[in-house]
Protein chains: 4
Amino acid sequence: MKENKVLSSVKDEELIKIRRDQMIKGALTLFKEKGFHRTTTREIAKESGFSIGTLYEYIRTKEDVLYLVCDSIHGEVKKRLEAVVDVKKPTIENFCNVITSFFRLMDDMQEEILILYQEVKSLSKETRSAVLQKEREMASMLEDAIRTCLPHELPKQDITLLANNLLIQGHMWGFRRWMLQKEFTLEDYIEKQLKFALVAMGIESSTKIGEG
Amino acid sequence: MKENKVLSSVKDEELIKIRRDQMIKGALTLFKEKGFHRTTTREIAKESGFSIGTLYEYIRTKEDVLYLVCDSIHGEVKKRLEAVVDVKKPTIENFCNVITSFFRLMDDMQEEILILYQEVKSLSKETRSAVLQKEREMASMLEDAIRTCLPHELPKQDITLLANNLLIQGHMWGFRRWMLQKEFTLEDYIEKQLKFALVAMGIESSTKIGEG
Amino acid sequence: MKENKVLSSVKDEELIKIRRDQMIKGALTLFKEKGFHRTTTREIAKESGFSIGTLYEYIRTKEDVLYLVCDSIHGEVKKRLEAVVDVKKPTIENFCNVITSFFRLMDDMQEEILILYQEVKSLSKETRSAVLQKEREMASMLEDAIRTCLPHELPKQDITLLANNLLIQGHMWGFRRWMLQKEFTLEDYIEKQLKFALVAMGIESSTKIGEG
Amino acid sequence: MKENKVLSSVKDEELIKIRRDQMIKGALTLFKEKGFHRTTTREIAKESGFSIGTLYEYIRTKEDVLYLVCDSIHGEVKKRLEAVVDVKKPTIENFCNVITSFFRLMDDMQEEILILYQEVKSLSKETRSAVLQKEREMASMLEDAIRTCLPHELPKQDITLLANNLLIQGHMWGFRRWMLQKEFTLEDYIEKQLKFALVAMGIESSTKIGEG
DNA sequence: GATGAATGAGTGTTCATTCAT
DNA sequence: TATGAATGAACACTCATTCAT
């Protein structure tokens, strides 16, 4: 369903999936290395294991590849996040687990997140909207995680903001790694950010902060 | 002093400054519109008000323009941030003022910040380091603002993290505007983020959150 | 074998040969007219019968074209020289035939030789070495022609020098044509130079000179 | 008289001479290093010790510089050759001295000669003619040297050819240095070429060749 | 006379895209 | 369906030349 925006002149849906997966894998490797603009379609085709002609049987423009890659990154994040969030245990402990898992996931996918930050602007307005929609869904998932575990009510805006803060704190671990990863281990980072979040949510007393 | 890394074949330092300012202004306009890669050197020259030949009298490569622009953005941010932070009144009120000013500044410079996020990767390793150094300085300024106003000690890591969080929350207002600016006014946003920060710093009790 | 130093992004070896032959022919025409530096790659492409894009599918830099042309000239000279020298009849008559053929060949290829004289310096050091090596082989061929037909021993250096003299006397016919071809017919030129050579080799008595 | 073909907007003849001498010196240095085409007018101006604006006060086009340089080289060769040839002693010994001096001169001016061989083609037809005329004069000087010392008559063509041969043998020492200067010392080279010349002139018996 | 900033046509080279096989 | 040779618009950058000061 998700890739259907991108037209292909090939009919066999199965084949389309296979080829596009090859393509996404190949392109992702290259985008991590040199970014979207510095990567040529020829390189993508080669890295994907087929010819430039074949590449263009499955996409229409180079931008399509970028969209496919962004979409795939979001898909991967969502899939892995759902696997954790899905648990409907509204406890603080569960909240902590979700957030911890989320941060670990962000650590795992640093380079992919970086691509989203740096290359989404190269998508056309239309396509970019589709990608941003995925971002909104991601925030929603965190909002749910927050809401379901709160022992007390919190204004909607606070939840939205907390979710967004946690989201970009996850991203930040990757895109400010040159600053953070020299001063924090991942575990430190998670622990501290989690504490800040809990305090902000009115769960843990602020006096505890810094005691760990 | 700051632009001296970029070589010019023109000797008149005064003139270099004038032309580079024109150039930065022109390039910034274009980069906001279409990004660095989609902007041609000819367009930069034209927008700056001179010929392509003249452009190259003041820089050596297109990347130089990007560096000049990034450097100029940082310079502007720093200048305006210093004007507020400089006040050496170690009170909580002062801290709130600094952060508020900082968020307002980030609102003002949304598009510039976006450029930093998206284009710094196009700089060469060497130049990128220089730019990231400026980022570190920015974080330091916020750390100072936090430290000087705290009524009690806080672990170094906590301060670093709080500063980084505030920093990217400021950035986020711009780069996630499609999400945040539909749900928050700038004033709301500042107020909420400030409260979260104060609580995290152990200053305001968490119970107050949401009450305002 | 000889053109393998120049990389092509086209895989079909047969096609590479065809296109490069077109290219060499086109470039040679232009180089004769206006020299290497004054000829643009676009002109080469056009004269060769294909687009600038296609040109660059078969070479990597403009210098490659020059190398291909120089290499081709040497190949042609060598091929045609070998056809005559190869005869292993160690007689003076044979020597005269070889030298005569060589001078005729140089007459035929005046403009090509001129290109070698004027443009080899534009090759990179590495490539230039490869071309000079061909020059050495050419001299060797003449040395062989001299050695095999001599009725008596001659010091190695004398043979080397005689070969080099004959070689550049052949070249000179072309590059000093503005002087020589107004005063000599090709036949005169050959006859005189041959006599000088024979006398120098101690074969013909010097008293004969000027008698013919 | 000689440089008058090149127009200057400066009136002071004395100054023109001074500036052009600086210019020739600077340009020559650069042409030896990187050839005419790879040298920019800016570089010439800088190496000459004045600005690009001043350069263009004394010439009209870049080609003028090349002409001035070629002309200066010829002037230098002629001046130094005349100093030797001028002696009107028609002896064989004198001939040998002249030729020896000539070869030494060619050794001295290898790089200048190389420039003549490689760059004259970049002159316009008109200017080129003027330069070739100088070449003819050079040949004439050698013809004179031959003629005056011959004990017996020789056909005009023989003299012309001998002069041309000696001339380019002198040049060859420089432009084929990669081949000759590995196998011959300058003294060897002169001695051998001189012997060949004498034999060709019917002066020394051919049996002597190789005995030295 | 001297300067050097300004100009813009021109250059080598790249690369997304097409299409005949 | 797959291939890869062909295309040419587009790009970053250079440099001879001019001219106001």
Side-chain angles (χ1 to χ4, degrees), chain A residues 8-12 15-16 19 37-46 50-65, chain B residues 8-12 15-16 18-19 37-46 49-65, chain C residues 8-12 15-16 18-19 37-46 49-65, chain D residues 8-12 15-16 19 37-46 50-65:
Chain A
S8 163
S9 59
V10 173
K11 304 289 165 193
D12 184 339
L15 194 52
I16 291 180
R19 291 281 177 267
H37 277 104
R38 285 172 145 71
T39 302
T40 68
T41 51
R42 274 170 153 92
E43 289 171 320
I44 295 170
K46 193 174 182 189
F50 39 70
S51 72
I52 182 68
T54 301
L55 181 75
Y56 273 87
E57 293 289 319
Y58 294 92
I59 53 160
R60 281 210 302 199
T61 68
K62 190 187 173 192
E63 201 205 291
D64 283 347
V65 181
Chain B
S8 165
S9 59
V10 171
K11 293 175 179 177
D12 185 337
L15 194 52
I16 292 180
I18 294 171
R19 292 281 175 269
H37 276 105
R38 283 171 147 69
T39 301
T40 68
T41 51
R42 271 178 166 78
E43 287 171 322
I44 295 170
K46 195 174 182 188
F50 34 71
S51 72
I52 181 66
T54 300
L55 179 75
Y56 275 91
E57 291 283 313
Y58 294 91
I59 53 158
R60 285 213 299 202
T61 68
K62 189 188 175 191
E63 201 205 292
D64 282 347
V65 181
Chain C
S8 165
S9 59
V10 171
K11 293 174 180 179
D12 185 336
L15 194 52
I16 292 180
I18 293 170
R19 291 282 175 270
H37 276 105
R38 283 170 146 70
T39 302
T40 68
T41 51
R42 275 174 170 79
E43 289 170 321
I44 295 170
K46 194 173 182 189
F50 35 70
S51 71
I52 182 66
T54 299
L55 180 74
Y56 274 89
E57 291 284 312
Y58 294 92
I59 52 157
R60 285 213 297 202
T61 67
K62 191 188 174 192
E63 201 206 292
D64 282 348
V65 181
Chain D
S8 163
S9 58
V10 174
K11 304 289 164 196
D12 185 339
L15 195 50
I16 292 181
R19 291 280 177 267
H37 277 104
R38 285 171 144 74
T39 301
T40 68
T41 50
R42 273 170 155 90
E43 289 171 320
I44 294 170
K46 193 174 181 190
F50 39 70
S51 71
I52 182 66
T54 300
L55 181 74
Y56 273 88
E57 293 287 320
Y58 295 90
I59 52 158
R60 282 210 302 202
T61 68
K62 189 188 175 193
E63 201 206 291
D64 283 347
V65 181

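Naming: A, B, ... by sequence-line order, numbering from 1 per chain.
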Nearest heavy-atom neighbours spanning B:T41 and B:K62: CG2-CG, 3.7 Å
Whether D:S8 side chain and D:E57 backbone form a donor-acceptor pair below 3.5 Å: yes
Closest non-hydrogen atom pair between D:A45 and D:L55, with its separation: CB-CB, 4.2 Å
C:I44 CD1 - F:dG8 C1' separation (whole Å): 17 Å
Integer-rounded Å distance: E:dT18 C1' and A:K62 NZ: 17 Å
Separation of F:dA12 P from B:E63 CD (nearest whole Å): 13 Å
Value in whole Å for how far the C1' atom of F:dT18 lies from CZ of D:R60: 14 Å
Secondary-structure stems for DNA chain E, with pairs counted as Watson-Crick or G-U when both distances are under 3.5 Å and runs at least 3 long: E:2-21 with F:2-21
Exercise: identify the closest heavy-atom pair between D:E43 and D:R38: OE1-O, 3.8 Å
Could you list all N or O pairs between the protein and nucleotides 5-7 of chain E that sit under 3.5 Å apart?
residue: E:dA5; atom: OP2; partner: B:K11; partner atom: N; Å: 3.1
residue: E:dA6; atom: OP1; partner: B:R19; partner atom: NE; Å: 2.8
residue: E:dA6; atom: OP1; partner: B:R19; partner atom: NH2; Å: 2.5
residue: E:dA6; atom: OP2; partner: B:Y58; partner atom: OH; Å: 2.4
residue: E:dT7; atom: OP2; partner: B:S51; partner atom: N; Å: 3.3
residue: E:dT7; atom: OP2; partner: B:S51; partner atom: OG; Å: 3.4
residue: E:dT7; atom: OP2; partner: B:T54; partner atom: OG1; Å: 2.8

Atom pair NZ/CD1 of D:K11 and D:I16 - distance to nearest 0.5 Å: 8.5 Å
Rounded distance in Å - NE2 (D:H37) to C1' (F:dC15): 13 Å
Parallel, tilted or perpendicular, as decided by the 30° and 60° cut-offs, for the rings of A:Y58 and A:F50: tilted
Distance, rounded to the nearest Å, where A:E43 contributes CD and F:dG4 contributes P: 17 Å
Under 4.0 angstrom between C:Y56 side-chain N/O and E:dT14 OP1 or OP2: no
Rounded distance (Å) that lies between atom P of F:dG4 and atom CD1 of C:I18: 17 Å
Touch class at under 4.0 angstrom, heavy-atom based, for B:T39 against every strand present: sugar-phosphate
Interatomic distance, C:K46 NZ vs F:dG8 P [rounded to whole Å]: 12 Å
Separation of C:S51 OG from C:R42 CZ (nearest 0.5 Å): 10.5 Å
Phosphate contact (F:dA12 OP1 or OP2) by B:T41 side-chain N/O below 4.0 Å: yes
Full working for side chain to side chain contact (heavy atoms under 4.5 Å, CB included) between A:R19 and A:T54: CA-CA 9 Å; A:R19 291 281 177 267; A:T54 301; 4.3 Å; yes
